[in-house]
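A quick note: this is a predicted structure, and the numbers were derived from the prediction, not measured.
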Amino acid sequence: MKGLMVLFIIMSMLLVQACSTGNTSNETASSDESGKKRGGVLKVVRLSDATNLDPHFITDIPSANVLYQKVYETLVTFDKDMKIVPGLAKSWEQTDDITWEFTLNEGITFHDTSKFNADAVKKTLDRLIDPKTGSPQKDKLGMIKKVNVLDEYKVQIKLSTPYAPLLSILASNEGSIISPKAIEESSDTLSKKPVGTGPFKFESWKSGESITLVKNDKYWGEKPIINGIEFEVVPEDSTRIAMVETGEAHINDQVPVTEIDRINNSDTLNLYRTEGLAVEYIGFNTQKAPFDNVKVRQAISSAIEREAIIKGVYNGAGTLANAAMSPKVFGYSKEIKPYEYNPNKAKDLLKEAGFNDGLELTLITSDRKERINMAEVIQSQLKGIGVKVNIQVLEYGAYIEAVDKGEQDMFIGGWGNATGDGDYNQYNLFHSDSHGSPGNHFYYTNKKVDQLIEQARKETDPEVRKKLYEEAMSIEMDDAVYIPIRNYEHMAIYNNEVNDFWLNAVNYLMVNDVTLE
């Protein structure tokens, strides 16, 4: 009997332990009334770290992806079809060609407890357009003449000229609304410590390693189901995939196209694919010899077999581009004709440019596997016309810094349109005011192109705008500023534990509804 009593006590202790362990697990991922599991931390592995966390200084999609509609929110936003819908503003109207009024949602606070209202909107936009701020994003909203507070929850934006894409810019990362307290007290720290109104709050950034966000329990909208997000930097492609496959991570949103077959053959990996707004290209620094000579640019353009790059490097992911504007972007024209592959013409053009014995140049690229592969294909193709290409592979942050400073001869680049409007491509990539970090890494200047882009910004007739962009793109192609390669197809891999995430056409990871099994 005594032995039975001891056995009963031992079994009771084991049962208590088991229950205790179960309760601890449920704290990280419990189920709600709908049966959905709540909690857990979503782990996203990525090739590269962010370069900046201040939306007024972010110039790349991977950095914006960490914050967009997670930490920061915008007055208006995009739905899954890239249509403008309410955000922090519940309604808006355009009262004349240059006046917009926004009625704001009430009862919203920033992560530092400061109040969201019309004054907060004014402080954010005033900071962006103030020349003293030095924001590379300034010209995207530089047509804002004045921001007026009409009452606590109504704000008016006065423009200097009509600006057709205004709402699309306000819905993008550049339109992120920042805490007025952070702007006043610690504006210089926003690059490392963002403060917004979003469903997730910034917790930490270990440079080169990880960025951690935690759930905002006081979020004004529908609260996220997960407890947080960790973005971990894992440079090796195979390691990232293996981490998702084994459950060590949940999502990899920078997928090498070379691994598509492996992913499709896995029982635990799923592949998310969607058409994107971005375009990949080979660019020339038009102010740096030998590419200050248009004949050299035309020669290189004629020596690149673009179709071979799509098939051999990109495994059929994406489509062959004809311009630096995706077919999904307003203003696109199928009438733009890139240079045809013609090595003999390329050799003749080099001779006309004075390079009878060929030339030597440096091609820089970021450390994405497919871009390195593309660089090697370009190197091989140009060797056929007597051009020696030295490839320089840079970590993503170093690559951005190099092209921002104009250190490149020739480069492999991409432009991730964040609005779906042609102005975002044309003004940032080709206007002479956008040299460097705003996006014009070609350092291209053409007064006629500038005029067309500026005219298109003001034009309210959509068909007229399209014609203006078509004319500008034709001139850019004649000037051989770049070689269009690929219209993006965005991809992400996720394991069987993840439900209800999606990528939008910009390549932003949308995770507010994510659940983890």
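- Nearest approach of I157 to L125, heavy atoms of both residues: CD1-CD1, 3.8 Å.
- In this pair, Y424 and W415 present their aromatic rings tilted. The plane angle is within the 30 to 60° band.
- Classification of the Y494-F501 ring pair by plane angle, with boundaries at 30° and 60°, yields perpendicular.
- The CG atom of N495 sits 11.5 Å away from atom CD of E248, with the distance rounded to the nearest 0.5 Å.
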Candidate pair D423 and Y163, rule side chain to side chain donor-acceptor pair (under 3.5 Å), full reasoning: CA-CA 10 Å; D423 181 72; Y163 182 54; 2.8 Å; yes
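- In this structure, the side chain of N315 does not engage the main chain of A317 through any donor-acceptor pair within 3.5 Å.
- You'll find the side chain of I177 reaches within 4.5 Å of the side chain of F116, heavy atoms only.
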Taking distance alone, no hydrogens or angles, what donor-acceptor pairs closer than 3.5 Å link side-chain atoms of residues 80-87 to residues at least two apart or in another chain?
none

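- In this view, A402 and I364, L394, E407 satisfy the side chain to side chain contact (heavy atoms under 4.5 Å, CB included) rule, not counting sequence neighbours.
- No hydrogens or angles considered: a donor-acceptor pair under 3.5 Å links the side chains of T319 and N487.
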Name every donor-acceptor pair, under 3.5 Å, that has one atom in a side chain of residues 58-77 and the other anywhere in the protein, sequence neighbours excluded.
residue, atom, partner, partner atom, Å
D60, OD1, T51, OG1, 2.8
D60, OD1, S63, OG, 3.1
D60, OD2, S63, N, 3.0
D60, OD2, S63, OG, 2.8
S63, OG, T51, N, 2.8
S63, OG, T51, OG1, 3.1
N65, OD1, K70, NZ, 3.4
N65, OD1, L509, N, 2.8
N65, ND2, D253, OD2, 3.0
N65, ND2, N507, O, 3.4
Y68, OH, A171, O, 2.5
Q69, NE2, T74, OG1, 3.0
Q69, NE2, T77, OG1, 3.2
K70, NZ, N65, O, 2.5
K70, NZ, Y68, O, 3.4
K70, NZ, L509, O, 2.9
Y72, OH, V195, N, 3.0
E73, OE1, T197, OG1, 2.7
E73, OE1, W220, NE1, 2.9
E73, OE2, Y219, OH, 2.5
T74, OG1, V76, O, 2.6

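- Side-chain contact between E476 and Q426 is present, with heavy atoms from C-beta onward closer than 4.5 Å.
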Distance-only criterion, 3.5 Å: show the donor-acceptor pairs between side-chain atoms of residues 201-215 and protein atoms not counting sequence neighbours.
residue, atom, partner, partner atom, Å
W205, NE1, D49, OD1, 3.2
W205, NE1, D49, OD2, 3.0
K215, NZ, P224, O, 3.2

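- Between L170 and F102, some side-chain heavy-atom pair lies under the 4.5 Å cut-off.
- Between R240 and N252 the shortest heavy-atom distance is NE-OD1, 3.3 Å.
- Contact check for P194 versus H111: no side-chain heavy atoms found under the 4.5 Å cut-off.
- Two residues are said to be in side-chain contact when any heavy atoms from C-beta on lie closer than 4.5 Å; L429 and N440 fail this criterion.
- Closest approach of F57 and P136 over heavy atoms only: CD2-CD, 3.6 Å.
- Of the possible donor and acceptor atoms, one in the side chain of S176 sits under 3.5 Å from a partner among the backbone N and O of N173.
- When the salt bridge (charged side-chain N to carboxylate O under 4.0 Å, His left out) test is applied to E497, no partner is found at least two apart in sequence or on another chain.
- Using a 4.5 Å heavy-atom threshold, the side chains of T274 and W502 count as separate.
- Pairs engaging residues 168-178 under the salt bridge (charged side-chain N to carboxylate O under 4.0 Å, His left out) rule: K140-E174 [sequence neighbours left out].
- Between F442 and Y482, the angle of the ring planes lies from 30° to 60°, which puts this pair in the tilted group.
- Here M473 contributes atom CE and I336 contributes atom CD1; the two are 4.5 Å apart, rounded to the nearest 0.5 Å.
- Y427 and H431 have parallel rings, their planes meeting at less than 30° on a 0 to 90° scale where 60° marks the start of perpendicular.
- E275 contributes atom CD, which lies 13.5 Å from atom CG of L503 (distance to the nearest 0.5 angstrom).
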T419 and S172: side chain to side chain donor-acceptor pair (under 3.5 Å), yes or no, with the steps? CA-CA 6 Å; T419 66; S172 69; over 6 Å; no
May I have the list of side-chain donor-acceptor pairs in residues 259-266 shorter than 3.5 Å, sequence neighbours left out?
residue, atom, partner, partner atom, Å
R262, NH2, E245, OE1, 3.1
N264, ND2, I260, O, 3.4
N265, ND2, D261, O, 3.0
S266, OG, E245, OE2, 2.9
S266, OG, T268, N, 3.2
S266, OG, T268, OG1, 3.4
S266, OG, L269, N, 3.2

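- Scored by the side chain to side chain contact (heavy atoms under 4.5 Å, CB included) test, T109 finds no partners at all (sequence neighbours excluded).
- In the displayed structure, K223 atom NZ is contacted under 6.0 Å by more than 12 heavy atoms of other residues, nucleotides or ligands.
- Residues passing the side-chain hydrogen bond (donor to acceptor under 3.5 Å, both in side chains) test with N117: none are found, sequence neighbours excluded.
- Residues satisfying the salt bridge (charged side-chain N to carboxylate O under 4.0 Å, His left out) test with E370, not counting sequence neighbours, are R368.
- Contact between D112 and A182 at its shortest, heavy atoms only, is OD2-N, 3.8 Å.
- Separation of atoms CG (N322) and NZ (K334) is listed at 10.5 Å; rounding is to 0.5 Å.
- Rounding to the nearest 0.5 Å gives a distance of 11.0 Å between CG of D130 and NE2 of H56.
- For the pair S366 and V393, the tightest heavy-atom approach, listed with the atom from each and the gap, is O-CG1, 4.1 Å.
- Contacts of D119 classified as salt bridge (charged side-chain N to carboxylate O under 4.0 Å, His left out), with partners at least two apart in sequence or in another chain: K123.
- Taking 4.5 Å as the limit, some side-chain heavy atom of S48 sits within range of a side-chain heavy atom of D367.
- If you take CD1 on I378 and CD1 on I483, they are separated by 7.0 Å, rounding to the nearest 0.5 Å.
- Counting heavy atoms from C-beta outward, V234 and R46 have side chains that stay 4.5 Å or more apart.
- A pairwise comparison of heavy atoms in R306 and A321 identifies NH1-O, 2.5 Å as the closest pair.
- For the side-chain contact (heavy atoms from CB on, under 4.5 Å) test with T515, the passing option among I225, L42, V498, I226 is I225; the others fail.
- A search for salt bridge (charged side-chain N to carboxylate O under 4.0 Å, His left out) contacts involving K115 returns E152, not counting sequence neighbours.
- A donor-acceptor pair shorter than 3.5 Å cannot be found between the side chains of D421 and S168.
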